[in-house]
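Given the structure is predicted, the values throughout are model-derived calculations rather than measurements.
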Protein chains: 2
Amino acid sequence: MDTKKLFQKFVAFTTAVHRVKHEMTKDVRTGEITPVQYDILEYIAVSQPVTLSEISDCQHLSMPNASRELKKLAEKNLCEKFAASEDRRKQYIRLSKKGEAMMNKVFESVEARFLERIKHASEEDLKEIEHALDVLHAKAFYS
Amino acid sequence: MDTKKLFQKFVAFTTAVHRVKHEMTKDVRTGEITPVQYDILEYIAVSQPVTLSEISDCQHLSMPNASRELKKLAEKNLCEKFAASEDRRKQYIRLSKKGEAMMNKVFESVEARFLERIKHASEEDLKEIEHALDVLHAKAFYS
DNA sequence: CTCTTTAGTTATCATTTGATAAATAAATCG
DNA sequence: CGATTTATTTATCAAATGATAACTAAAGAG
């Protein structure tokens with residue numbers, strides 16, 4: 001196998017994923033939050049409940065900066081902190097009602113665009129897409 | 001086909017691509033340039049020669065901001081502008097020798113990590129990966 | 001019970017990024 | 001030719017982000 005060619009495809013593909021993701025989410029960000037705050041909210045939505053340390057690690061933010069941004073999100077009533085019973089230093093974070101509502105709207109909108117994007121795909125195509133997602137996730141974009 | 005489930009895979013996959021790309025490129029950025037400047041350089045490297053307007057469009061930067069960042073890159077001798085003969089308002093932009101050298105090193109390093117990432121894949125696996133890249137690029141992450 | 005480590009906060013400062021207004025200069029349109 | 005559009009620049013300001021130091025409070029180790 002010509003891995004050089006494979007690598008080029010890998011790069012082009014990665015760029016395409018970036019572009020498409022940006023296009024699908026660019027206007028879902030309300031004026032209320034910054035890009036970094038949106039990323040944090042998205043992460044919480046998918047992984048809640050999470051700790052501050054996890055946000056810091058996964059979003060590549062220092063603890064002080066993560067703490068600051070989370071405070072702003074809490075002030076905007078988009079997420080809530082609650083103490084962990086096992087360890088009183090820790091706190092778990094989850095979306096508030098308002099945060100849930102916002103992220104639900106976001107995901108609905110993104111899903112609609114996704115469906116639009118695959119609307120001309122046949123049942124076969126969809127199977128192929130699903131399989132391709134599984135393959136790449138497992139063999140190239142694993143953690 | 002359960003498109004709900006497919007959408008969830010799509011989201012999880014997109015996140016994984018982000019994460020992997022970040023991991024593969026995080027330390028290739030020398031201290032000399034900012035993240036936005038790195039993105040511009042990467043875009044020039046792949047698409048050169050490009051115009052300022054193209055950078056502005058593709059990198060989602062306003063013209064004034066694109067112009068500013070490009071000026072900084074030119075001052076660092078990482079890229080060069082040259083007038084377009086057809087239209088004297090335009091200028092084409094390409095990497096300088098130094099910029100080429102920098103980006104070559106970057107791509108080498110990323111390629112090495114890519115190879116590391118797929119080193120345990122069999123010849124069959126590689127074929128499957130390549131096919132999956134083609135399928136997804138054409139049917140889900142097209143432009 | 002001290003010592004060290006872990007989780008998180010607050011404050012501060014520098015840098016980066018984004019947004020906007022106003023300018024130049026060349027191309028194109030009528 | 002004059003008016004408009006296109007490509008780009010410069011300047012300026014506000015906001016977002018990143019980095020660092022110094023702090024509190026609880027947990028865990030010996």
Side-chain angles (χ1 to χ4, degrees), chain A residues 18 22-23 25-44 47-76 78-94, chain B residues 18 22-23 25-44 47-76 78-94:
Chain A
H18 251 82
H22 182 270
E23 205 205 301
T25 56
K26 62 183 171 192
D27 51 5
V28 298
R29 296 153 159 77
T30 76
E32 203 180 351
I33 56 176
T34 71
V36 170
Q37 286 166 11
Y38 173 81
D39 289 341
I40 293 175
L41 275 190
E42 198 181 274
Y43 175 68
I44 300 174
S47 312
Q48 62 186 331
V50 296
T51 65
L52 227 214
S53 305
E54 286 167 344
I55 293 175
S56 166
D57 280 354
C58 298
Q59 299 304 118
H60 315 290
L61 292 167
S62 68
M63 279 291 285
N65 292 337
S67 177
R68 176 186 59 200
E69 296 309 319
L70 202 75
K71 192 180 171 190
K72 290 179 188 167
L73 287 172
E75 278 162 2
K76 290 168 184 167
L78 292 168
C79 66
E80 300 167 339
K81 309 176 181 182
F82 58 102
S85 48
E86 343 83 79
D87 184 336
R88 289 193 316 182
R89 288 169 306 180
K90 274 194 195 173
Q91 50 186 352
Y92 285 109
I93 295 148
R94 65 183 164 210
Chain B
H18 252 81
H22 182 271
E23 205 204 302
T25 56
K26 62 183 171 190
D27 51 6
V28 297
R29 299 156 157 77
T30 75
E32 202 179 352
I33 58 177
T34 71
V36 170
Q37 286 166 11
Y38 173 81
D39 289 341
I40 294 175
L41 273 191
E42 197 180 273
Y43 175 68
I44 299 174
S47 312
Q48 62 185 331
V50 297
T51 65
L52 226 214
S53 305
E54 287 167 343
I55 293 175
S56 166
D57 280 354
C58 298
Q59 299 303 118
H60 315 292
L61 292 169
S62 67
M63 279 292 287
N65 292 337
S67 178
R68 176 186 60 200
E69 296 309 319
L70 202 74
K71 191 179 171 190
K72 290 180 187 167
L73 287 171
E75 280 163 0
K76 289 169 185 167
L78 292 168
C79 66
E80 299 168 340
K81 309 174 179 184
F82 57 101
S85 46
E86 344 83 78
D87 184 337
R88 291 193 313 183
R89 288 169 305 181
K90 275 193 193 173
Q91 50 185 351
Y92 285 109
I93 295 146
R94 67 184 162 212

What I'd like to find out is whether the side chain of B:Y92 reaches to under 4.5 Å of the side chain of B:T51, using heavy atoms alone. yes
Establish, with yes or no, whether the OP1 or OP2 oxygen of C:dT6 is under 4.0 angstrom from a side-chain nitrogen or oxygen of A:S53. no
Atom CG of A:L61 to atom P of C:dG8: distance rounded to whole Å? 14 Å
Side-chain contact, heavy-atom cut-off 4.5 Å: B:I40 with B:L61? yes
In terms of the nearest nucleotide of DNA chain D, which residue is placed more toward the 5' end: A:S62 or A:P35? A:P35
Nearest to side-chain heavy atoms of B:T51, which nucleotide of D:dT8, D:dA16, D:dA21: D:dT8
Residue pair A:K72 / A:R68, side-chain heavy-atom distance below 4.5 Å: yes
Between CZ of A:F82 and C1' of C:dG8 the distance, given in whole Å, is 16 Å
Figure out the CE/P separation between B:M63 and C:dT20, and round it to whole Å. 16 Å
Rounding to a whole Å, what distance do you find between B:E32:CD and C:dT15:P? 16 Å
What is the separation between atom CD on A:Q91 and atom P on D:dA25, rounded to the nearest whole Å? 15 Å
Residue pair A:K26 / B:H60, side-chain heavy-atom distance below 4.5 Å: no
Quick check on DNA chain D: between A:H60 and B:L52, whose nearest nucleotide comes earlier from the 5' end? B:L52
For B:E54 and D:dA7, give me the distance from atom CD to atom C1', rounded to whole Å. 12 Å
Heavy atom of residues 65-73 of chain A under 4.0 Å from DNA chain D: which residues? A:N65, A:R68
Whole-Å distance between C:dT6 P and A:D57 CG? 13 Å
Could you pull out the closest heavy-atom pair between A:V50 and A:S47, with the gap in Å? CG1-O, 3.3 Å
Is the shortest side-chain N/O distance from B:Q37 to OP1 or OP2 of C:dT17 below 4.0 Å? no
Pairs under 3.5 Å (N/O, protein and nucleotides 24-26 of chain C):
none

Rounding to a whole Å, what distance do you find between B:Y92:OH and D:dA7:P? 11 Å
Side chain proximity check, B:I55 to B:E69, heavy atoms < 4.5 angstrom: no
